[in-house]
Amino acid sequence: MSENHNEAEHVQEENRLIAERRAKLSAIREKRNAFPNHFRREDYADRLQAELGEKDKEELETLDRHASIAGRIMAKRGPFMVLQDMTGRIQVYVDKKQFPEELADEIKTWDIGDIISATGPVHKSGKGDLYVYMKETSLLTKSLRPLPDKFHGLQDQEIRYRQRYVDLIMNESSRRTFSIRSKMISSIRNFLQQRDFVEVETPMMQVIPGGASARPFVTHHNALNMDMYLRIAPELYLKRLVVGGIERVFEINRNFRNEGLSTRHNPEFTMIEFYQAYADYKDMMDLTEAMLRNTAQEVLGTTTINYQGSEYDFAKPFTRLSVFDSVLQYNADITAEQLADMTQATAIAKKLGVDVKGSWGLGKIQIEIFEETVEHKLDQPTFITEYPTEVSPLARRNDDNPFVTDRFEFFVGGRELANGFSELNDSEDQAERFMAQVAEKDGGDDEAMHYDADFIAALEYGLPPTAGEGIGIDRLVMLFTDAPSIRDVLLFPHMRPE
RNA sequence: GGGCCGUUAGCUCAGUGGUAGAGCAGUUGGCUUUUAACCAAUUGGUCGAUGGUUCGAAUCCAUCACGGCCCA
């Protein structure tokens with residue numbers, strides 16, 4: 001009994017700061033519409049700074065430039081309030097004596113976090129900061145919850161992810177990250193559109209999840225009474241579109257993979273995939289270099305990327321190295337003969353701690369050795385080429401060496417950012433590769449691919465010689481914004497329920 | 001899945017076994033061209049949860065939850 005009483009009391013205590021603001025809101029409700037939507041702003045903080053920031057005090061007073069702004073109160077300093085809008089911050093000067101008594105009294109109740117309008121001439125303070133000398137003002141939205149510490153901002157990582165809106169209000173660096181993300185996607189989109197690529201949207205819900213090796217999320221369609229899968233990649237649909245004659249095509253959208261979470265993995269993540277007919281994987285590498293260089297220059301104004309203390313030069317041509325050669329280069333104790341021999345390569349993999357399965361061929365074992373000993377060391381931008389056919393079920397075999405495919409992956413800072421290849425457009429070869437994947441699946445590999453008969457049918461109509469590529473947008477944004485975790489570049493990263 | 005670290009007021013953080021603290025925010029008053037505004041007073045806490053050790057636990061131990069970093 002007394003416990004319940006204490007708990008109720010506590011809930012009330014917890015909401016004390018909110019209750020005070022709620023009372024202020026009630027008082028306003030009694031006088032007028034507390035949530036007016038009549039005000040139309042004409043100016044933004046940063047544009048006023050750009051337009052007027054260089055002018056001196058006297059010039060501004062002569063100019064008598066009137067501005068009308070709106071934003072959230074972020075600080076109160078004597079007769080000044082700092083307003084923040086989507087572009088930045090600017091001060092307003094409040095001389096309560098010039099307002100009617102009722103308004104002056106109300107202004108006293110305005111809190112940090114409230115959203116107000118302000119109109120008046122732009123002046124400059126003794127220390128050289130612009131401010132709007134408030135002639136008219138109105139509370140537009142009362143904020144009921146107190147904001148975090150105005151100086152330290154919001155530090156708690158968990159709250160920054162769970163309540164991103166508070167993070168965005170408080171932390172300029174967070175706003176910057178998502179602004180860069182938006183600009184990067186625009187830049188990439190423009191880059192491709194200028195080269196005649198057509199943007200499309202293909203199914204997120206698929207009956208056969210294809211285009212990658214990963215476990216899918218399963219959902220259920222009630223009316224059709226059938227399971228469906230959230231897509232793990234758009235690849236097979238985009239290639240169908242190339243068959244259909246959209247010879248340059250791309251999609252920027254979400255993929256879903258039912259895997260663990262880490263600083264580099266979120267269950268849903270954004271990929272761009274693009275396909276170009278009458279091109280091969282070397283053209284894709286060239287295109288990637290040009291695109292990344294262009295994006296860096298457009299978005300960051302430089303082709304030198306600083307990431308977690310390392311510097312990456314996107315201006316010079318990226319290193320190109322085969323899987324096989326890279327393993328030799330990064331492992332002085334492994335010889336070409338050993339790596340090319342099934343028995344010896346298996347022994348090397350086992351020594352590295354790889355759980356070698358009986359069904360694996362030499363190609364899979366070489367890739368395991370590559371991933372164990374090379375991948376994380378590929379610091380400067382590097383294309384790794386000639387991936388074994390065994391691990392590349394959708395890529396075209398190399399004309400001279402059918403053991404490998406005309407494929408590459410792209411690495412920066414030890415992380416895979418992109419994967420591209422000349423597409424397998426031989427429908428009979430593709431059908432055989434699907435069969436091999438199905439055998440893997442039956443053998444217990446739940447990441448192996450399904451047989452997609454309609455995709456084979458599409459290839460039988462004829463896919464022109466084509467190359468395609470996927471780039472992980474989130475990881476690219478991490479690189480460009482110096483973010484250590486994928487959660488920092490996702491507005492609403494996946495979190496366990498509290 | 002494993003290891004390490006964290007969780008104390010709305011926020012940022014102190015507090016290593018003996019009456020739970022500071023700054024900011026809030027409240028009241030003062031000041032009113034400030035720059036983390038200032039001055040004075042003041043409110044505010046199931047110390048993540050549960051169990052244990054102890055005369056006594058925010059503090060020591062165990063388990064769990066959530067998060068961070070590293071590894072797989």
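Chain letters run A, B, ... following the sequence lines, proteins first and then strands; every chain starts at 1. Since the structure is predicted, the reported quantities are computational estimates derived from the model, not experimental observations.
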Do the side-chain N and O atoms of [X] and [Y] include a donor-acceptor pair separated by under 3.5 angstrom?
X: A:Arg487; Y: A:Gln157; answer: no
X: A:Asn306; Y: A:Tyr312; answer: no
X: A:Ser125; Y: A:Gln91; answer: no

Tell me if the aromatic rings of A:Phe217 and A:Phe256 count as close, with their centers under 6.0 Å from one another.
no
Which of the following nucleotides, [options], is nearest to the side chain of [X]?
X: A:Phe151; options: B:rC11, B:rU27, B:rA36; answer: B:rA36
X: A:Glu20; options: B:rU12, B:rU27, B:rC66; answer: B:rU27
X: A:Leu17; options: B:rU33, B:rG10, B:rU34; answer: B:rG10
X: A:Asp149; options: B:rA36, B:rU34, B:rC24; answer: B:rC24

Side-chain N,O (A:Arg145) to OP1/OP2 (B:rA25) below 4.0 Å:
no
Does the side chain of A:Lys76 get closer than 4.0 angstrom to OP1 or OP2 of B:rC38 through an N or O atom?
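Looking at the OP1 and OP2 atoms of B:rC38, neither is under 4.0 Å from any side-chain N or O of A:Lys76.
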Roughly how many Å is it from [atom1] in [X] to [atom2] in [N], rounded to a whole number?
X: A:His152; N: B:rU12; atom1: NE2; atom2: P; value: 10 Å
X: A:Met170; N: B:rG10; atom1: CE; atom2: P; value: 16 Å
X: A:Asn171; N: B:rU12; atom1: CG; atom2: C1'; value: 12 Å

Output the residues of residues 108-130 of chain A in contact with RNA chain B, where contact means a heavy atom of the residue under 4.0 Å from an atom of the strand; sort by number or write none.
A:Ser125, A:Lys127, A:Asp129
Partners meeting side chain to side chain donor-acceptor pair (under 3.5 Å) with A:Lys142 (sequence neighbours left out):
A:Asp111, A:Asp114
Looking for any heavy atom pair under 4.0 Å, which part of the strands does A:Arg160 touch: base, sugar-phosphate only, or nothing?
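No contact.
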Rounded to the nearest 0.5 Å, how far does CD of A:Gln84 lie from CZ of A:Arg72?
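Answer rounded to 0.5 Å: 8.0 Å.
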